[in-house]
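Please read the structure below before turning to the comments.
Since the structure is predicted, the reported quantities are computational estimates derived from the model, not experimental observations.
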Amino acid sequence: MIGGLSFAFANPVILSALLALPIIWWLLRMTPPRPAAEVFPPLRVLASVIKREETPSKSPWWLTLIRMLMAAAVILAIANPVFNPRSNTLASSGPLLLLIDNSWATAPDWERRVEAASALIDDAEARDVAVSIVLTGDRQHDATPGSAAAARTRLAAAAPAPLPADRRSALAAIETAFADIAPGTAAFITDGIESGDSQTMQGLAELGAADVRVIEADGAQAVAITDTSNESSGMSVTATRLKTDTSRSLPLVAYDSRGRSIADGSIDFAPGEGVAKGTIEAPFELRNDFARIGVEGAATAGATHLLDDGFRRRRVALLSGEARDQSQPLLSPLYYIDRALAPYADLVEPRETDLAIAIPELLEQRPSVLIMADIGRLPEATYPLMTKWIENGGTLIRFAGPRLAAAPADDPLVPVTLRQGERALGGALSWSEPQPLADYPANGPFAGMARPTDILVKRQVLAEPTADLVERTWASLADGTPLVTTAVRGTGRIILFHVSAEATWSNLPISGDFVEMLRRSVQLSRSGGVTGETKAVKAQALAPYRLLNADGVLVAETGTARPLEVRPGREPLATPDNPPGLYGSEDGFTALNLLPRDAELQRIDMTAAGPYASERLVRAESWSLKPALLTLALLLLLADAMIVLFMGGAFSRIRSARSAAALICLIAGAALLLPPQAFADDTRPGDDRILERLDTTHLAYVVTGEDEVDRLSESGLRGLTSFLTYRTTLEPGAPVGLDIMSDELSLYPIIYWPISATAPMPSPQAVSRIDAYMRAGGTVLFDTRDQFSSLGASSSGTSPNTERLQAILGNLDIPPLEPVPTDHVLTKAFYLLTNFPGRYNGSPLWIEAQLDNREEESNRPARPGDGVTPIMITGNDFAGAWAVDANGAALLPTVPPDEMQREYSFRSGVNIMMYMLTGNYKADQVHVPALLERLGQ
């Protein structure tokens, strides 16, 4: 024993050669070194004669000692000294039982486990003891004891499996094989990780073995990734390890589909912590290229996490039919959508309000999903673009609202046929009370979600009953009416929520179910945007495509793996029939990883074990000094050769020479600094006019191209401008005529548009610009100047101007309309009015209908208008009543002639302007007494 280590020689007979060392000493001392050679020049000869030096007749003692040490090292190396030689301590009372974990955690040190098992098999063979070998990662077990050679063959064919250890079935096979005989030695070579069957040690103890051994590696090195989440800041990674008292930092690496490392991060475990999270920070586009996440230096199936389309972060484009995002964000249709999807998707919004420009720009960014909130009608030029985008794999999610309810029934971008109008409390198609939701269908993406009991719907758009309506319904109300419907178009999909995206029609948008429903709907979309004709993976039995081996490498061999059954709402688990890997095909696949999301590695339970001996799985238990001794002998031989050459004068001829290196300095020419380039004033023509328009409020009118109509429009707005200046504190500038195709429209709060059937029909681009202006918060006052009281008159009684207006409105996304109610803010904005006459007094003033909460507002002095109406329609010829000449005299008489009608016409214009500039301010003011009373003031 040396320092607690046992020591022995494998070939002790060779040590007898050490007796020959004295003879070797004598022979070496009698061998002189080779004489030194001298140069012939006469002077050198004379110098040698004068200073004679005799050549030694034998080698120096220190050179002889070096040669003796070299000979001793060779002799000792041949004798092969071994530290900690194995001792055969197996019990011979029964067969040797080898229970070996070949799980995913054993892949890094599998060779060491094979060496430990091989040594035990050699000991059993030396004692002529049968061997039973059982591997916990195999699908079938044969624990019948056999010969050592057969056990060695099975061990050589064994390999780690990419699965947790299945000790329960292995122990059952052992109990069957050893029912009539007890093992002599039972050795358990374990990975140290609990696998859900805590009775393993108790079962081994009950076998009655004379000797129980547990051979365990350092399980603290085992680590597994359990979950990933593609969040807004980066890829969040969750990992688990066995709890230890030390901290540990793991480097994370993200790989693309070609196996290239494209991003990295880290995850840090605190002392005593078994689960930790880390982040891989990378841009959104780069994160969508991630194919798998791995722990650098840990080549196991647990340390590799596969990703599929479901893990990729989608780009979602948002469009709204309202312009309330800044003034009243809680009433914005996009507010709750943005809050619901921001943690799970990258949201993009258009820079332009003109849908004819916004939609192509959004589609160029290749979004996976396009969400439209209360948009009823799109510009005609965008329908082919939208249809192609959906058919190529895009997902369109629409939310209902007043505009969609008023849209034509033949809209190609809805999944089901809709009825005109909507069903509401108190309407023609009404409920007696708000309706709750029914259970979610088992065949939809919302399967597995609990039916909410606190969500109530009081308004929705209805679907026409069809034979396939049930199949297209993902969610419905308690009375069976669809709430969420869908339809497949090509490789894409259209999804419609039959309620609004804000909380006026239901409280669904302010519930947690809204977030989960949107998230699941978005996850059904294509992750990389719309490219190619790839079909999405459907919920079905998916064949194994690529499987993960124990080293964390995807391989094409699928072996005996079976198709993976993917069920909605259930996370599949890795089993021997479905090992970790990718299931599906190259067109689309689902990733199955080793451990579920909430898994945590635990140490194997040893509390139920009987007496046992614990051993460490260390490679250097027995090690030989032979390589070190042979290396020492070789080094001594090289030293001896160098000494002999030096003493023989071989190095005397080597003369040192000085080498001078010439340094060449390259003088770089200084770069000529260009003088700063002077730029001319790039102010565009018309900027001064725009600045002037921004500084002063102007009334604007649409130039129709007909001189008489345009002259009356300009004179009428000039008369209203004078009236506003005289009667109010508002002092507008001169009226402005607009070319709606080229002029900037957002500078004007309201645009007066006189309709003329003989004027040129505005182009689709011009109408699209007007639609964008209205969507951004502006208002257009259409005046047909024909005194018709309704747009819904029969075709025989419809004037040409009204027909032209209908043609223009057919290309606009307008909300439902109604005549100004008697309690509307317009009737009290400045003057108290009951009607809005112009040159005529027979047509009502049509505005956006306020359909919500009528029952609650019936006793209020003024109905609140959240924002202002984007459209007004009249036939009373406002400009004809307002038109004045240079002296302020009226140009046209009223019909019938009545100057008070003209006065009320001017007052209508004042109320309209005050309403446009102050919105619902007046509605709030009429409640001041009630508010003060409620506050106790």
Once side-chain hydrogen bond (donor to acceptor under 3.5 Å, both in side chains) is applied, do any residues pair with [X], and if so which ones, sequence neighbours excluded?
| X | value |
| --- | --- |
| Gln523 | none |
| Asn801 | none |
| Asp783 | Tyr752 |
| Arg398 | Asp411 |

Quiz prompt | Met449/Arg520 under side chain to side chain contact (heavy atoms under 4.5 Å, CB included): CA gap, chis, key distance, verdict | solution = CA-CA 11 Å; Met449 295 174 55; Arg520 294 193 181 193; 3.5 Å; yes
Quiz item: Which pairs pass ring-ring contact (aromatic ring centres under 6.0 Å, His included) with one or both residues in residues 349-379, sequence neighbours excluded?
Solution: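 Pairs touching residues 349-379 that pass the test: none.
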Quiz prompt | Inter- and intrachain pairs under ring-ring contact (aromatic ring centres under 6.0 Å, His included), touching residues 457-476, at least two apart | solution =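 Applying ring-ring contact (aromatic ring centres under 6.0 Å, His included) to every pair that reaches into residues 457-476, excluding sequence neighbours, yields Phe446-Trp474.
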Among all residues two or more places apart in sequence or in another chain, which pass the salt bridge (charged side-chain N to carboxylate O under 4.0 Å, His left out) test with [X]?
| X | value |
| --- | --- |
| Glu464 | Arg419 |
| Glu352 | none |
| Asp468 | Arg472 |
| Arg769 | none |

Quiz item: About how many Å separate CD of Gln806 and OG1 of Thr784, when rounded to the nearest 0.5 Å?
Solution: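 With rounding to 0.5 Å, OG1 (Thr784) is 10.0 Å from CD (Gln806).
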Exercise. Could you pull out all residues at least two apart from Thr473 that satisfy side-chain contact (heavy atoms from CB on, under 4.5 Å)?
Key: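 If we apply the side-chain contact (heavy atoms from CB on, under 4.5 Å) test to Thr473, skipping adjacent residues, the hits are Leu469, Ser476, Pro482, Thr485.
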Exercise. For the pair Phe399 and Phe514, name the ring-plane relationship: parallel under 30°, tilted 30 to 60°, perpendicular over 60°.
Key: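 The rings of Phe399 and Phe514 sit tilted, inter-plane angle from 30° to 60°.
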Practice problem: Could you list the residues that satisfy ring pair (Phe, Tyr, Trp, His ring centres under 6.0 Å) with Tyr701, not counting sequence neighbours? | Solution: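 Not a single residue meets the ring pair (Phe, Tyr, Trp, His ring centres under 6.0 Å) criterion with Tyr701.
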Quiz item: Is a side-chain donor-acceptor pair under 3.5 Å present for Tyr748 with Asp743?
Solution: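 There is no such pair between these side chains.
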